[in-house]
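Side chains included, hydrogens not; waters and symmetry mates left out as well; all remaining heavy atoms used. Proteins get letters first, then strands, A, B, ... in listed order; numbering begins at 1 in each.
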2 protein chains.
Amino acid sequence: MISEVTVSVPPKMADETFFLFARAADRVLKATDRLLAPFEICHRHYSVLLLIADDEEWSQTRLAKTMGLQKTRMVALIDMLESKGLIQREPNANDRREYKVILTETGKRTVKEIRSSFNKQRPSYLRELSGAETQEINRLLGRTIGPAVCQNDL
Amino acid sequence: MISEVTVSVPPKMADETFFLFARAADRVLKATDRLLAPFEICHRHYSVLLLIADDEEWSQTRLAKTMGLQKTRMVALIDMLESKGLIQREPNANDRREYKVILTETGKRTVKEIRSSFNKQRPSYLRELSGAETQEINRLLGRTIGPAVCQNDL
DNA sequence: TATTGTTATACTCTATAACTATA
DNA sequence: TATAGTTATAGAGTATAACAATA
């Protein structure tokens, strides 16, 4: 046996931001998916539900850009949510190429249920951070995403 | 047209940690891959190179666990790096089931080149953070990853 | 029995191009 | 001519089960 298996971050990787992001995002998104499993959706579906949750108007393309996905990927996401009766495509009279994506009544109820479920069981990855630290990492993540993520930035 | 496309983080998502992680990690890892493109490897390969860069001993399984990948995925990663002459599988006399994964001379040179390239062009996602903020996000990411990410934690 | 490296397989995700209907 | 939604397709990535060699 070569050596004891280390599962935590090796000291030499403690300042490799890209490595930390790969590990942390994987943990956070998997944990989120487990919390969402009872609702039979994953974190991407939940993002769509949250984005359209107030009565703002969202097209599929705008959803895709905001989530950093390609519009072609959004189709299947929306299809799935529609087949579960959580959202609805509504024709947009102003521009008949577009759809407005809106929550159904079931969708609104589901968002509330998920929100209350998330408030009850604080996910493990946040349990290790204080409230102030959670706010701080959210702020830094927002700065990392930046104001406009273009296709070819370094 | 429904409305102007917003590419930055919508205010209502500013505290949805999972959403921020999805967007930020995507940006960071894609930017890292672009910086690594001249070396014809991606961020995962670079993680392997960094982990084995000093003379510590690493088996494929240990690499997989440390990177949060399955051992089955590590095989192709190691195959690729070996075919490019950057690393070498060396039989481990103490346990003949294992290989020691080590850098070749070319591999050592490549790691140095990448390090110096990364020092020259600071990636855009870090450009928006100060040195102190970069240290802070690295620390918080480490805490997020936690001491031992098990398979079924919430 | 359990573990290391490996193959095979199926499934999801991603990237790209192209089509249609509208603008 | 450009854009929204869509389809098709090929390539990565992921998850799972199984196997041979070794412990």
Side-chain angles (χ1 to χ4, degrees), chain A residues 1-5 22-23 25-27 29-30 33-34 36-37 40-45 47-48 57-83 87-102 151-152, chain B residues 1-5 22-23 25-27 29-30 32-34 36-37 40-45 47-48 57-83 87-102 149 151-152:
Chain A
M1 187 182 59
I2 277 187
S3 100
E4 205 57 43
V5 171
R23 296 291 279 126
D26 184 60
R27 179 182 193 192
L29 296 177
K30 277 186 181 149
D33 284 347
R34 273 192 297 272
L36 288 170
E40 293 176 292
I41 60 171
C42 79
H43 66 96
R44 265 176 258 269
H45 302 109
S47 290
V48 172
E57 298 200 341
W58 287 84
S59 68
Q60 296 188 192
T61 298
R62 189 175 165 219
L63 282 170
K65 287 186 179 163
T66 303
M67 293 175 58
L69 303 177
Q70 287 178 269
K71 59 179 184 172
T72 173
R73 177 94 194 82
M74 189 55 60
V75 178
L77 233 52
I78 300 288
D79 280 351
M80 192 275 212
L81 288 169
E82 196 169 36
S83 79
I87 66 165
Q88 220 178 313
R89 284 175 169 98
E90 196 167 89
N92 181 344
N94 296 346
D95 183 337
R96 279 157 49 220
R97 292 172 304 182
E98 285 192 0
Y99 291 107
K100 285 191 274 195
V101 184
I102 59 174
Q151 201 63 12
N152 284 311
Chain B
M1 188 181 58
I2 279 185
S3 99
E4 205 56 44
V5 170
R23 297 289 280 123
D26 185 60
R27 178 181 194 193
L29 296 177
K30 277 186 181 150
T32 305
D33 284 347
R34 274 192 295 274
L36 287 170
E40 294 174 290
I41 60 171
C42 78
H43 64 97
R44 266 177 258 270
H45 302 108
S47 290
V48 173
E57 298 199 342
W58 287 85
S59 69
Q60 298 189 189
T61 296
R62 188 176 165 218
L63 282 170
K65 286 186 178 162
T66 303
M67 292 175 58
L69 304 177
Q70 287 179 271
K71 59 179 184 171
T72 172
R73 176 97 193 80
M74 189 55 61
V75 178
L77 232 53
I78 299 288
D79 280 350
M80 191 277 214
L81 288 169
E82 195 169 36
S83 78
I87 67 165
Q88 219 177 314
R89 284 175 169 96
E90 197 167 89
N92 182 341
N94 297 346
D95 184 338
R96 277 156 51 218
R97 294 173 302 182
E98 284 191 358
Y99 291 107
K100 285 190 274 195
V101 184
I102 58 172
V149 177
Q151 200 64 11
N152 284 311

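The minimum heavy-atom distance linking E57(B) with R62(B) is given by the pair O-NH1, 2.8 Å.
For R97(A), the listed nucleotide lying nearest its side chain is dA2(D); candidates were dT7(C), dT16(C), dA2(D). Which of dT4(C), dT7(C), dA15(D) sits closest to the side chain of T61(B) comes down to dT4(C). The side chain of K30(B) has dA15(C) as its nearest neighbour among dA15(C), dT14(D), dT14(C). Of the candidates dT6(D), dT4(C), dT16(C), dT6(D) carries the atom nearest the K71(A) side chain, counting heavy atoms from C-beta on. Comparing dT4(C), dG13(D), dA4(D) against the side chain of E98(A) picks out dA4(D) as the nearest.
Counting any heavy atom pair closer than 4.0 Å across all strands shown, R73(B) reaches a base atom.
Residue N94(B) contributes atom CG, which lies 16 Å from atom C1' of dT3(C) at whole-angstrom precision. Distance CG (L77(B)) to P (dG13(D)): 8 Å, rounded to an integer number of Å. Atom CG of L69(A) is separated from atom P of dT14(C) by 7 Å (rounded to the nearest Å). The CD1-P distance, from I78(A) to dA4(D), rounds to 14 Å in whole Å. As a whole-Å value, the separation of E57(B) CD from dT4(C) P is 15 Å.
The side chain of R62(A) places no N or O atom within less than 4.0 Å of a non-bridging phosphate oxygen (OP1 or OP2) of dT3(D). OP1 and OP2 of dT3(C) both lie 4.0 Å or more from every side-chain N or O belonging to R96(B). Phosphate contact (OP1/OP2 of dT14(C), side-chain N/O of Q70(A), threshold under 4.0 Å): absent. In this structure, Q60(A) reaches the dT6(D) phosphate: one of its side-chain N or O atoms is under 4.0 Å from OP1 or OP2.
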Next item on the list: Begin with the C-alpha distance, continue with both residues' side-chain angles, and end with the deciding distance and a verdict on side chain to side chain contact (heavy atoms under 4.5 Å, CB included) for M67(B) and V48(B).
Entry: CA-CA 8 Å; M67(B) 292 175 58; V48(B) 173; 3.7 Å; yes

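Applying the side chain to side chain contact (heavy atoms under 4.5 Å, CB included) test between Q60(B) and each of E98(B), K100(B), R89(B) identifies R89(B) as the sole match.
In this model, a side-chain donor or acceptor of T72(A) finds a partner on the base of dA8(D) within 3.5 Å.
When atom types are taken as modelled, the side chain of R23(A) and the backbone of T66(B) share a donor-acceptor pair closer than 3.5 angstrom.
Ionic pairing of D33(B) and R44(B) is not present here: no N-O contact between side-chain nitrogen and carboxylate oxygen is shorter than 4.0 angstrom.
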